[in-house]
Novice: 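Provided herewith is a single structure, encoded as structure tokens, for subsequent inquiry.
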Amino acid sequence: SPPPSSRKVLRYEQRQAYVAHTDYFNYKTSADHNWDPRAGGTNRMATLFLYLSDVELGGQTVFPRVARNASHAALHGGPPSAPPAKAEELFANASWEAKLTRDCYRQFAVTPRKGDAILFYSQKAGGELDVMSLHGGETTTGRDAAAIARDRARGGWKDSSRALPP
């Protein structure tokens with residue numbers, strides 16, 4: 001069983017979002033650790049989000065490099081579209097938050113529903129880091145969004161600490 005420190009509660013309120021990021025560390029992040037799983041090192045392998053609340057609108061976990069296809073659309077909000085006006089009004093058009101919001105309605109995104117979970121991998125089977133795992137969290141337009149995140153590394157559970165961007 002993983003230690004409790006491997007769990008993080010993510011909570012964000014209206015006008016807060018998580019900038020798109022990967023959960024793995026680049027191979028050469030530091031000289032004091034081998035981050036390359038292909039060469040016997042350890043790195044973050046998988047992330048699990050368990051959604052703790054329903055939200056009125058927004059709060060999606062978006063994967064900006066993954067196109068929304070027909071099967072995604074059936075599960076998560078329909079075909080690609082423009083964000084609702086209520087979401088678009090929150091941020092300046094050129095901001096990273098506005099781009100992330102647009103991505104939530106055009107790319108693959110998971111809408112939070114209390115009790116649902118998503119699991120995604122940061123590495124491919126051979127240990128190569130997967131750039132398609134880039135993900136972010138959209139702001140909510142009403143109620144706060146909350147989730148528990150757990151990261152699994154090859155060789156052990158690791159903390160996942162992500163600060164909200166300024």
Side-chain angles (χ1 to χ4, degrees), residues 1-53 55 58-69 72 76 90-112 115-140 144-166:
S1 164
S5 64
S6 68
R7 295 179 204 115
K8 298 289 180 194
V9 175
L10 311 173
R11 179 176 181 255
Y12 46 104
E13 300 170 357
Q14 189 174 28
R15 300 190 60 81
Q16 292 180 323
Y18 278 84
V19 67
H21 62 278
T22 56
D23 286 346
Y24 60 76
F25 295 93
N26 290 320
Y27 296 130
K28 301 200 184 284
T29 294
S30 63
D32 63 338
H33 181 82
N34 178 4
W35 297 101
D36 189 348
R38 301 169 304 174
T42 59
N43 210 319
R44 291 185 176 154
M45 185 172 93
T47 299
L48 173 74
F49 287 150
L50 172 62
Y51 295 107
L52 302 177
S53 60
V55 295
Q60 294 101 319
T61 300
V62 62
F63 295 83
R65 293 180 177 153
V66 179
R68 184 181 292 209
N69 65 31
H72 299 151
H76 303 291
L90 293 174
F91 304 110
N93 191 44
S95 69
W96 68 264
E97 296 98 335
K99 180 181 181 332
L100 188 75
T101 297
R102 288 189 296 273
D103 284 346
C104 285
Y105 295 90
R106 295 180 182 145
Q107 301 302 108
F108 177 63
V110 178
T111 301
D116 282 0
I118 61 170
L119 170 70
F120 59 94
Y121 294 91
S122 295
Q123 297 177 31
K124 298 179 181 178
E128 178 186 352
L129 301 180
D130 190 352
V131 298
M132 300 300 280
S133 68
L134 180 81
H135 63 284
E138 185 201 16
T139 189
T140 63
D144 298 355
I148 294 177
R150 295 177 80 178
D151 290 323
R152 176 76 165 109
R154 288 182 195 257
W157 287 91
K158 302 291 181 190
D159 269 348
S160 126
S161 51
R162 295 278 180 214
L164 289 171

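Numbers for residues simply follow the sequence, beginning at 1. Please read these numbers as outputs of a predicted model, since none were measured by experiment.
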Novice: How close do R44 and Q123 get, counting heavy atoms only, and between which atoms?
Specialist: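 Taking R44 first and Q123 second, the nearest heavy atoms are O-NE2, 3.1 Å.
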Novice: Quick check: do V131 and T22 have side-chain heavy atoms less than 4.5 Å from each other?
Specialist: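 No - every pair of side-chain heavy atoms lies 4.5 Å or more apart.
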Novice: Does some side-chain heavy atom of L100 sit less than 4.5 Å from a side-chain heavy atom of V19?
Specialist: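 They are not in contact (no side-chain heavy atoms under 4.5 Å apart), so the answer is no.
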Novice: For the pair L129 and Y27, evaluate side chain to side chain contact (heavy atoms under 4.5 Å, CB included) and give the outcome as yes or no after the intermediate values.
Specialist: CA-CA 9 Å; L129 301 180; Y27 296 130; 3.5 Å; yes
Novice: What's the separation between atom CZ in R38 and atom NZ in K124, rounded to the nearest 0.5 Å?
Specialist: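 These two atoms lie 10.5 Å from each other.
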Novice: Identify the heavy atoms of L50 and G115 that sit nearest to each other, and give their distance.
Specialist: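 What the structure gives for the nearest pair is CD1-O, 3.8 Å.
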Novice: Salt bridge (charged side-chain N to carboxylate O under 4.0 Å, His left out) with D116: which residues, sequence neighbours excluded?
Specialist: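 Testing D116 for salt bridge (charged side-chain N to carboxylate O under 4.0 Å, His left out), a comparison that skips the adjacent residues, returns R113.
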Novice: Considering residues at least two apart in sequence or located in another chain, which fulfil the side-chain hydrogen bond (donor to acceptor under 3.5 Å, both in side chains) criterion with S95?
Specialist: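 Residues passing side-chain hydrogen bond (donor to acceptor under 3.5 Å, both in side chains) with S95: E97.
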Novice: Just to verify, what does A39 make a side-chain contact (heavy atoms from CB on, under 4.5 Å) with, not counting sequence neighbours?
Specialist: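 Scan of A39 (side-chain contact (heavy atoms from CB on, under 4.5 Å), adjacent residues dropped) gives N34, D36.
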Novice: Do you know the tightest heavy-atom contact between A92 and A98?
Specialist: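 Minimum heavy-atom separation between A92 and A98: O-CB, 3.2 Å.
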Novice: What are the two closest non-hydrogen atoms of S122 and D23, and how far apart are they?
Specialist: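 Taking S122 first and D23 second, the nearest heavy atoms are OG-CB, 3.9 Å.
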Novice: Would you please name every residue forming a side-chain contact (heavy atoms from CB on, under 4.5 Å) with L119, sequence neighbours left out?
Specialist: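 By the side-chain contact (heavy atoms from CB on, under 4.5 Å) rule, L119 matches A46, L48, Y121.
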Novice: Is a side-chain donor or acceptor of H135 paired with a backbone partner of A20 at a separation under 3.5 angstrom?
Specialist: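 No, because the side chain of H135 does not come within donor-acceptor range (under 3.5 Å) of the backbone of A20.
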Novice: For the side chain of D130 and the backbone of M132, is there at least one donor-acceptor N/O pair under 3.5 Å apart?
Specialist: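 Yes, D130 side chain to M132 backbone: donor-acceptor pair under 3.5 Å.
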Novice: For Y24 versus S133, what's the shortest heavy-atom pair and its separation?
Specialist: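 Looking at all heavy atoms of both residues, the shortest contact is CE2-OG, 3.7 Å.
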Novice: V62 and C104: which non-hydrogen atoms are nearest, and at how many Å?
Specialist: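 So the minimum-distance heavy-atom pair works out to CB-SG, 3.6 Å.
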Novice: How long is the gap from CZ on F120 to CG on L134, to the nearest 0.5 Å?
Specialist: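 Reported to 0.5 Å precision, the distance equals 9.5 Å.
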Novice: How about W35 and F25: are their ring centroids closer than 6.0 Å?
Specialist: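 When the ring centroids of W35 and F25 are compared, they turn out to be within the sub-6.0 Å range.
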Novice: Where do V110 and Y51 land on the side chain to side chain contact (heavy atoms under 4.5 Å, CB included) test, with the steps shown first?
Specialist: CA-CA 11 Å; V110 178; Y51 295 107; 4.0 Å; yes
Novice: Please enumerate all residues that pass side-chain contact (heavy atoms from CB on, under 4.5 Å) together with R106, with sequence neighbours excluded.
Specialist: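 R106: side-chain contact (heavy atoms from CB on, under 4.5 Å) contacts with R102.
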Novice: Measure the shortest side-chain to side-chain distance between R68 and Q107 over non-hydrogen atoms and say whether it is less than 4.5 angstrom.
Specialist: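 No - every pair of side-chain heavy atoms lies 4.5 Å or more apart.
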